[in-house]
Each structure stands twice: as C-alpha cells, then as structure tokens.
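Values below: every heavy atom of this structure, side chains too, minus hydrogens, waters and symmetry copies. Just so you know, these numbers come straight off a predicted model, no measurement behind them.
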Amino acid sequence: MLMPTPATLRTLPREGRDTLFLLAVIAWVLLPQASRLPLWCSLGAGAVLLWRGWLALNARALPRKIWLLLLLALTLGATFATHGTLIGRDAGVTLLVVLLTLKTLELRARRDAFVIFFLGFFCMLSNFFYSQSLLTAIGMVIGLLGLLTALVNAHMPVGKPPLAQAAKTAGSMALLGAPIMLVLFMLFPRMAPLWGMPSEAMTGRSGLSARMEVGTLATLALDDSVAMRIRFEGQAPPQREMYFRGPVLSGFDGRQWLPLRDSLPTRYALPANLQVSGDPVRYEVTQEPTQRPWLFVMEAAPQGPELPGSRSVMQDDLQWLASRPLTERVRYQVSSYPSFTHGPMQTTLGLLEYVDLPPGFNPRTLALAAEIRRDPRYAQANAAALVQVALERLRTGGYTYTLEPGVYGRDTADEFWFDRKEGFCEHIATSFVILMRALHIPARIVTGYQGGELNSVDGFWVVRQSDAHAWAEVWQAGRGWVRVDPTSAVAPGRTGAFQRLAAPRGVVAQAFGDFSPTTLAQLRATWEAVNNAWSQWVLNYTQGKQLKLLKNIGFESPDWQDLSRLLIVAIVLASLAGGGWAWWDRSQHDPWLRLLGRVRKRLARAGIESTPATSPRQLARLVRQKYGAQGQSLHDWLMQLERQRYAPAAPSATAPATLKSQPAQLGQLRQAFSRIRWPA
C-alpha cells in the first residue's frame, strides 16, 4: 500500500481520514509489544492494520462477518498453541491485541469506534506489564493523547472538524484530569498483593544463575542493562572493594558448578561464623527484579536488608536470600563491613566437600598440582603460599583476559592452563579453584557483581549486568574463607576504575561516539539519572512512603484506613470544586453568546467585521450585502439564531429545512451552522 500524500489526506472524506488516524494511534500503542508478542501475532496485527488502512483509503467495503469469525477462530487456536492456555498475562495480552485489530475490520458505527477506543486503552496499559520505564511512560502518554483525540473527534458528529481542534480539546481534558490523577496516585492505598504489576515466573533475568557452566558469563558480560543502583552514605569505598555477593558454587561435576546443597548432601555443616570489624559502609540498594530470591549486598553484611512483605535470611556461605522471589523492583538499606572473617578457623571434616573433584577430568591440571607439591620450595607450604604460586603463574605465564575465549572442551581447566591461556573471569576463577582443590586446598566459586559506574549527575553508582563477576574463596587455617580474585592477576584493570566491560556499540552509536564521546557519556548519565529519579519517586512509591507522607502532614500513627478517608475527602472536595466551577462557567458564559461569538470569528476571517454589540439581524444584513443570494442560507441561519433568543415561538417560512419545527433548539442551531456551505 502506497503511503497517502498530505494532499490525498485533505481530500479524503471524514470517515476515511478519521479511520486512518485511529489506525495510526493503534499502531503506536501496539508497537512496543511487537517484540514481546508471538511472531505470528505481530505480523498478523500489522497486516490487519495495513489492510484496514487500504480499505479506508480506497473507500472499499469491509469484509463480511464470516471472514472475521474465521480469523478469530484461527487466532484463538494459534494463541492456545503458543501459550498452552487462554488465560494469564502473555496469553491475555495476545488475545487483547488480536481482538483490537480484528475489531477495526468491523468499524461501521460509532459504537464500534467506542469499543476500539476502550480496547486501545487496555492495550496501552498492558505495555506496563512488561516495562515501567520512563520511555514506556512517555510513549504511552502520547498514545493516550492520540486515543483521547480520536474519542473527542468521534463526538463531533457533523462536518469535518480539524483533528487539531480535537487534539486541543483532548489536551485540555488531560490537563484538567492531571491533578485528580496525582491525588489518586499519592493517596490510593497500596495493599499488597492487590497493588502491583502482574508477573509470571521465569520471565525475568538477573544476570546470574544458580548454576554456572563455562561460557555463560561471557555472553552475559555483553548485557548493558542495569542490575541495581547504589547510593552510599558519605564516601563510597574504592571500586576495587565493591564485591556484591550472589550465589556461592561449590559442587563440581566436571563441567558445571552448582551450590553444594544442591549437589551432594553435606556431611558436616560449616556455619557462617561471621566476624566483622572496623567502620561499616552504609548504603541503599535499588535492585531490579530477578525472579530469584537473591539479595545482592556488598561483602560482608551481618544484618540483612529489610524488605516490605518479606524477610531476609543469610545462608552459611554469606549469601542473603529473601523469603520469596523478587518479581518487582525493591529498595533496601544495608550496612557492610569491608573488614571481616567467616567460616571455620580450624580444619574440620566439612571442608572435605570443598576439595572434591570428579574423577577423569583435567588430568594435566592434577599433574601440575602434583608437580608443585613435589617442588622442595612448596612441599611444606601453607595455603597462602600456594595461592601466591598460582597467582604468580597467572601474572607471568602469558595469560590474557578476553570476552571471546571460544568454546571450551571437556577439560576446561587443562585448556586454560596449558593451551588457550585466555578467558573471561569464569574461566580464570574455575581453573584457579580446580588447581587449588588439586593441591588439597578447600576452595569454591563466588558469583555476583564487582564494581560499578558512578553517575556524576545524581551521585548513584550503577551496577550493570556487564559487571557480573566470578571470583574464588580459599580456606586458610586461622583466617577462614579468604577472597582471592584470580582475574586481578591477569587483568588488574577489570576490578579497578580503568577497564570496565562494555557492550559492543552499533553503527549509529559508533558514529556518535567518534563524534563526541564526552558529550555522549554526559547525555547517557543524564538520561540514567532521570530514569533513576523516575524509579525512586514514581515506581517505588510504596505504602511506606504513603504513610510517611501522612506523618508529615500531621497523622501520628497512620494506616491504610487513614489513607482511604483522606482519599475520600479529596475526591469529595474535587467533585464540589468541579461542580462549582461548572455552575460558575455556565452562569458567566451564555451558550447562545458563545455560539454567536463563533459566528463573529468566522465572519471576521471572511472580511465582515463586527463588534460584541452587533446583533444577529445586523450580521445577516452584512452577509446579504457582501454575498447576495449566495449567502442566503447563512442569512436565514442568523435570523433563526435571533428568533431562538428573542422570539422562540415565532415560525419562519424561510428557515432552513432542518429548523422548520418550532421552537428551534440551540443544539439544532449548532448542527445547522456546521452544515452551512459558506460562499467563496
């Protein structure tokens, strides 16, 4: 279908023009859903909208109902085949899009348009099921104004009023309703679980997994999305000390690492035995949804975060978990102590689990460990000395840090130590831990996030999925579990401030980056600061903040009942104010005078000047003088307007046909005015 030109649109009948505008608004509302819907649904919706636009542009007849029923049956079957159900979030949104687009194929009467309007409103809201970002909100505000414009336009039943006039009215309506919506947002009680966005299990992504296989984090490092934002109280710690602890992986089957409690039953538990010292680092975390119960805190936090509607528990390996998966953005405050010890101080049988290696894997790494042990310099060396031996090998052995290490084979540690000598943090950490275990030193993998990026605009540290990291913990007598980051031996900048991971830029980003990288960095920081403010003050406006607001305005111990009472009072006051304004407006602005004012403005554009004192009869005389017989219909209409005001019972033989019945109502006069053909 060729795109219609502006000249073609101006000559279209009103029905065709309004239909094309409504289709454009629907396409705008559905566009963000295209990547989330099944491919057949996105392509089908686009095809139906294009087909309907072609029918409107060429004034063709709409398809018969039998075809619509057939299409509906096919899409229902396809929805069930795709989702396995017709209920739930994803299936429901798919059906909603299908119903909206198919309804455009039977847009024959105003009631059909109203159904499409309200389906459009529902589809607009469904975008927030998947994303509540500021960009989504801006896009849906534009869609809302478009739907309101189409709705206002549908209530202008005669003539061909310009869309700009309907858009102006829609904008005024939105502005008038904004204060009421703000009051509802501030005061409507948020009572979990009734309040919140619907979610479905396993649709989110945290950037980390409860299990790790070599190669998974290399792909993840290219994800530039935000994992969490940190705001420190006072001075932030050095970036190299920002280790945010996640899942701890101790079980190893030769290829895959997983938590010890999920692999083999532990024979002896190893309590956390966390001991902290020094001054704490206090900070606030805004964590994105993960569909997992993991809470990322900087090592080490003796007291867990406080979450609304949930509790947090620290595992023996220092990982903090919520009592339920995090299906929405959460914010919590934590105090961490960079100086700490944990784990058993003396040898215990439970440590045997952390030297276990599966038989038949990585024979050359085992031989390397045996060779180190045979060296007279290290025959009686303790764990700390052997750790330094391995780190020195990483520093001086030609090992490199890369995001493209390729696919590793069966014996990943052997390939890293002897063949490839390159890898991402997971390759380095796993190979290091396997070597430690081969040396009979208890060791395990810790995954999480390391470092972050300071946003100079709002002062928040942004931790991205590309900051996902893997490091090692080695047990040493008298010290317990000690963090060892072998990646720092290969690439010291990876855990410092000079070499952060970044996703590859596209062609457009490269062009702009080459043009002005400093400006782009500042723009990005500003945009992320705005997004963060949106997240902190809008998306995270919880019941706790509502109750705090009530405390600030004088309530001693507010609860949701106080919120409800205050909301009812606000609604009643707003209703009284609206009713009072409507009464005042009606008393101050006579509808008859407003209609006469419209006529004066139209006549002024035609070159007939008048004053507020000019009567309709005088205007009719001026019209006859200027246009003669060509202005007869306008002349008669003006005379009828005067009779409606001053002699409503007097008949008129020359009145327009639609106004012969007496008395003529003001609404009839408005409709007749829009149908008058003005002389050229």
Side-chain angles (χ1 to χ4, degrees), residues 29 89 92 96 114-115 117-129 131-134 136-138 140-149 151-152 155 169-199 286 306-310 324 327-332 533-589:
V29 170
R89 183 190 65 180
L96 191 60
F114 290 159
V115 172
F117 295 147
F118 291 109
L119 283 175
F121 286 126
F122 278 114
C123 279
M124 182 186 68
L125 291 175
S126 69
N127 282 281
F128 295 103
F129 291 171
S131 172
Q132 298 94 50
S133 68
L134 179 60
T136 300
I138 294 173
M140 291 307 102
V141 166
I142 296 174
L144 172 65
L145 293 176
L147 286 172
L148 285 177
T149 299
L151 184 60
V152 170
H155 283 84
T169 304
S172 301
M173 292 169 57
L175 289 176
L176 289 174
I180 299 176
M181 296 307 300
L182 179 61
V183 171
L184 290 174
F185 172 78
M186 299 290 290
L187 299 180
F188 193 90
R190 285 156 166 76
M191 296 176 291
L194 298 179
W195 183 275
M197 301 304 299
S199 59
T286 303
E306 294 184 4
L307 302 175
S310 179
R324 57 179 175 82
T327 57
E328 57 186 9
R329 185 181 290 104
V330 295
R331 183 163 56 180
Y332 48 87
W534 167 262
S535 172
Q536 299 288 335
W537 297 104
V538 178
L539 300 182
N540 281 337
Y541 184 71
T542 59
Q543 187 183 59
K545 288 189 175 182
Q546 286 182 313
L547 299 181
K548 185 177 179 180
L549 174 65
L550 294 190
K551 283 186 178 180
N552 293 336
I553 62 178
F555 287 83
E556 293 184 1
S557 300
D559 55 19
W560 69 269
Q561 293 177 338
D562 294 324
L563 274 173
S564 302
R565 296 189 190 100
L566 188 59
L567 177 63
I568 292 173
V569 170
I571 292 175
V572 170
L573 291 177
S575 301
L576 291 175
W581 179 85
W583 176 84
W584 177 86
D585 182 69
R586 185 176 182 85
S587 64
Q588 296 295 319
H589 301 85

As an exercise, state the distance from [atom1] of [X] to [atom2] of [Y], rounded to the nearest 0.5 Å.
{"X": "L96", "Y": "M124", "atom1": "CG", "atom2": "CE", "result": "11.5 Å"}
{"X": "L144", "Y": "T149", "atom1": "CG", "atom2": "OG1", "result": "9.0 Å"}
{"X": "M173", "Y": "L175", "atom1": "CE", "atom2": "CG", "result": "11.0 Å"}

Inset, instruction - State, to 0.1 Å, how close L307 and Y332 come at their nearest heavy-atom pair, and which atoms those are. - result: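 That would be CD2-CD2, 3.6 Å.
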Inset, instruction - Write down the atom of G120, the atom of V29, and the distance for their closest heavy-atom approach. - result: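 Taking G120 first and V29 second, the nearest heavy atoms are O-CG1, 4.0 Å.
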Legend entry - Pairing residues for T169 by the side-chain hydrogen bond (donor to acceptor under 3.5 Å, both in side chains) criterion, not counting sequence neighbours: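 Listed in chain order: nothing, the list is empty.
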Legend entry - Qualifying residues under side-chain hydrogen bond (donor to acceptor under 3.5 Å, both in side chains), relative to S172, sequence neighbours excluded: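 In terms of side-chain hydrogen bond (donor to acceptor under 3.5 Å, both in side chains), with neighbours along the sequence ignored, S172 is linked to no residue.
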Inset, instruction - Could you please spell out the steps behind the side chain to side chain contact (heavy atoms under 4.5 Å, CB included) verdict for F117 and L148? - result: CA-CA 8 Å; F117 295 147; L148 285 177; over 6 Å; no
Legend entry - Over 12 non-hydrogen atoms of neighbours within 6.0 angstrom of CZ in F122: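 Not buried by this count: 12 neighbours or fewer within 6.0 Å.
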